[in-house]
Amino acid sequence: MRWTGRNPSNQRRHPRASGHRQYTIGRLRRYRHAGVGLVGSRHFRLSPPDGDLAQSHASIAAERISSGVVPIRSRAFSANCDYIFAIVPEHQSVEPRRVEAGMKAAIKDLSQHVGKEVTLEGWLYNRRDSGKIAFLVVRDGTGLCQCVVAKAPETEGFFDTARRLGQETAIRLTGMCRANEKQIGGHEVDVTALEVVGESQDYPITPKPHGIDFLFKNRHLHFRSRRQWHILRVRATVIDEIRSYFNRNGYTLIDTPIFAPAAGEGAQTLFEVDYFGEPVYMAQTGQLYVETACMAFGKVYCFGPTFRAEKSKTRRHLTEFWMVEPEIAYADLDTVVAVAEDFVHSIAQRVLRDHKEDLEFLGRDLSFLESIQKPFARITYDEAVDILHGDKARELLENDLTTKTARIEELNKAITEKEAESTAQGVKQWKKDKLIAEVAEHRDELADLEEEVKNIPHHMELAKNFKWGKDLGGSDETIISRLHERPCFVTHYPRDVKAFYMKKNETDDRLCNNFDLLAPQGYGEIIGGSQREDSYDELMAQINRHELDPADYAWYTDLRKYGSVPHGGFGLGVERTIAWLCGLKHIRETIPFPRMMGRFYP
RNA sequence: UCCCCGAUAGCUCAAUCGGUAGAGCGAGCGGCUGUUAACCGCUAGGUUGUAGGUUCGAGUCCUACUCGGGGAGCCA
């Protein structure tokens, strides 16, 4: 049986008859016809097929290849430049040492295993190899660890496999754990046994830059990446703190329906669903329902996804997002504001306590988060209007214009210089890559800045011409929040721009007892809340004024007939809160599978 | 609903005035025993979003559409 190499020169490098070694056939889907395969790292073609044995081997190879059984373990021997190639059934092949000796360890716990043998189960995050040493960066869901496979007698069974593993291959490995400050996670494992649990080829998300469209089309894989992993860990903690805050403070969880018969506040932004021939709506809020429950349990909260059909394509919007809504009986506006303040403070403290490393990875300034202390700022709507009309708002925007324009010039200069440098002769490739990456970053920043600078005059106009009685717009909120170091409550908005259920102010009936909480640094509104109208007559008047059908709200107005009490609550947007705490530019990174206008895959 | 920007190799992007579509990464092959988005050499990879138009000639100009990004309004 005679096998010839694809390239004659390769033949000479093939092992001699004196020794034999194990090879793995890989990349088989590209070689689905008989007699062609990849042995070790070389292509081989049967030429010509001679003898029954060869035929049989070739057909076994073809069958294995076409049935996609990978990897096929095989042995090759050489004799006088003829290659005798034998397919060894997989169960008879020389297996690497079984991975079972070491103690199973999570990467985050490796500090407890220094000097001991451990077994890691995870996925290959990245690989670098030299001729006789391979570095496998392994990800196990708890952290990253570089594992070293050196070419040595004890690694002979899997060294070649190790240095060819595709990104995200599922692997189980055993080795000695060492402390190594230089490495990611502070540890390193010298591999003595390695097992491929699940193959991975052509993983789409490489360790190079990708566009957001591509990444979110691959969202199901995307959150294996470090940045997303860090963010979603913070999300899990934020959600845990939300639940435990209310649970430890005497609130009862009440789940509210997602199919709702009528609008909470207005029908224009709801998703309509065909419910056995009747139109129902995806819940925009659970508030009206938790109001009923707070009359039964005193302090309650609901927590779940909520849906808005707003046709907004901005970095602050999702069509499906999570909101927590506490509701408290025997509470006025001040009480509710105090709860919101304590609640947000406790979320921030918890994240700061448990996620320093995640926040540092995300580049979040910890001192900023440490400064989120009580009391938060409190202003009224009237004061907000004065701020918008005042010198401070104007100066803020003028300063923005100056500093941002300066930064744009700086970036343009840097881009020109770096482009020139990267195309100059004699520049090393890695240096070029670095420069090109920096230029791309500058361009992103530049595009953002140009958009912002373009909008500044418009925002100045909006602020200057802001009329009492309007709701605060996005840019107005940004101005107010940026003029405060801490989160800022804005209370007592004009009733006419707010929802029908908000409590009329006792001393000025143009106002209602409501509040928004604006996160600093321009992150905008993360909470909206209010004291609720508890007077039956007043509520009915509001329902009529908003041209709502009283029949739809009969169950809700009943509350004001049977033992009505002052009460109130608020809704906190989970994703906006996470974006703020993590310092993210876009809300879509804060949820595992974002739903946005025009995007619902995967 | 309105305004601005974009769509070129699997990915990120080039392509001068309208004149033969390129690079890096990824993939495949070879080399390299301490790499850190490793590196070095070679190979393959294209209906330039779709449809039409102008032109001797269109990635480039024009029209419409589709999809994506950002913003306004609206909102958490």
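Every chain is numbered from 1 and lettered A, B, ... according to where its sequence line falls, protein lines coming before strand lines. No experiment lies behind these values; they were computed from the predicted model shown.
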Item to check | Listed nucleotide nearest any side-chain atom of A:V148, set B:rG34, B:rG69, B:rC74 | outcome: B:rG34

Item to check | Pairwise 5' ranking along RNA chain B for A:M596 and A:D190, keeping only the more 5' one | outcome: A:D190

Checklist entry - Are the ring of A:F321 and the base ring of B:rA76 both nearer than 5.5 Å at their centres and tilted by less than 30°? => result yes

Checklist entry - Do A:T319 and A:F271 pass the side chain to side chain contact (heavy atoms under 4.5 Å, CB included) test, and can you show the C-alpha distance, the side-chain angles, and the key distance before you say yes or no? => result CA-CA 9 Å; A:T319 54; A:F271 288 107; 3.9 Å; yes

Item to check | Integer angstrom distance from the C1' of B:rG45 to that of B:rG19 | outcome: 25 Å

Item to check | Identity of whatever pairs with B:rA72 - Watson-Crick or G-U, under 3.5 angstrom | outcome: B:rU1

Checklist entry - Can you tell me how far C1' in B:rU36 sits from the matching atom in B:rA72, rounded to whole Å? => result 45 Å

Checklist entry - Is any side-chain nitrogen or oxygen of A:R588 closer than 4.0 Å to OP1 or OP2 of B:rG70? => result yes

Checklist entry - Under 4.0 Å between a side-chain N/O of A:K311 and OP1 or OP2 of B:rU1, yes or no? => result yes

Checklist entry - Taking OP1 and OP2 of B:rG34, is either one under 4.0 Å from a side-chain nitrogen or oxygen of A:R128? => result no

Checklist outcome for this item: Partner of B:rU63 under the Watson-Crick or G-U wobble criteria, both distances under 3.5 Å, comes out as B:rA51

Checklist entry - Using purine N1 to pyrimidine N3 plus N6-O4 or O6-N4 for Watson-Crick, or N1-O2 and O6-N3 for G-U wobble, both under 3.5 Å, which nucleotide pairs with B:rG18? => result none

Checklist entry - At under 4.0 Å between heavy atoms, what does A:F214 touch on the DNA or RNA strands: base, sugar-phosphate, or nothing? => result sugar-phosphate

Item to check | First encountered from the 5' end of RNA chain B, between A:R599 and A:S475 | outcome: A:R599

Checklist entry - Does the cation-pi check pass for A:R588 over A:F216, that is, NZ or CZ under 6.0 Å from the six-membered ring centre and within 45° of its axis? => result yes

Checklist entry - B:rG41 pairs with which nucleotide, Watson-Crick or G-U wobble, both distances below 3.5 Å? => result B:rC29

Checklist entry - If you measure from the C1' atom in B:rG6 to the same atom in B:rU60, how many Å do you get, rounded? => result 15 Å

Next on the checklist: Please report the distance, rounded to the nearest Å, between CG in A:D160 and C1' in B:rC29.
Outcome noted: 14 Å

Checklist entry - Using atom C1' of each nucleotide, how far apart are B:rC61 and B:rG70 to the nearest Å? => result 26 Å

Next on the checklist: Is A:H586 close enough to B:rG69 that one of its side-chain N or O atoms is under 4.0 Å from OP1 or OP2 there?
Outcome noted: no

Checklist outcome for this item: Quick note, A:Q146 side chain, CB onward, closest among B:rG70, B:rU35, B:rA76 is B:rU35

Checklist entry - So what does A:H458 hit on the nucleic acid, given a heavy-atom distance under 4.0 Å: a base, only sugar-phosphate, or nothing? => result nothing

Item to check | Whole-Å C1' distance, B:rC40 and B:rU35 | outcome: 14 Å

Item to check | Sugar-phosphate only, base, or nothing, as touched by A:G598 at under 4.0 Å among non-hydrogen atoms | outcome: sugar-phosphate

Checklist entry - Would you say B:rC29 has OP1 or OP2 under 4.0 Å from some side-chain N or O of A:R163? => result no

Next on the checklist: Please tell me if A:K132 has a side-chain N or O lying less than 4.0 Å from either OP1 or OP2 of B:rU33.
Outcome noted: yes

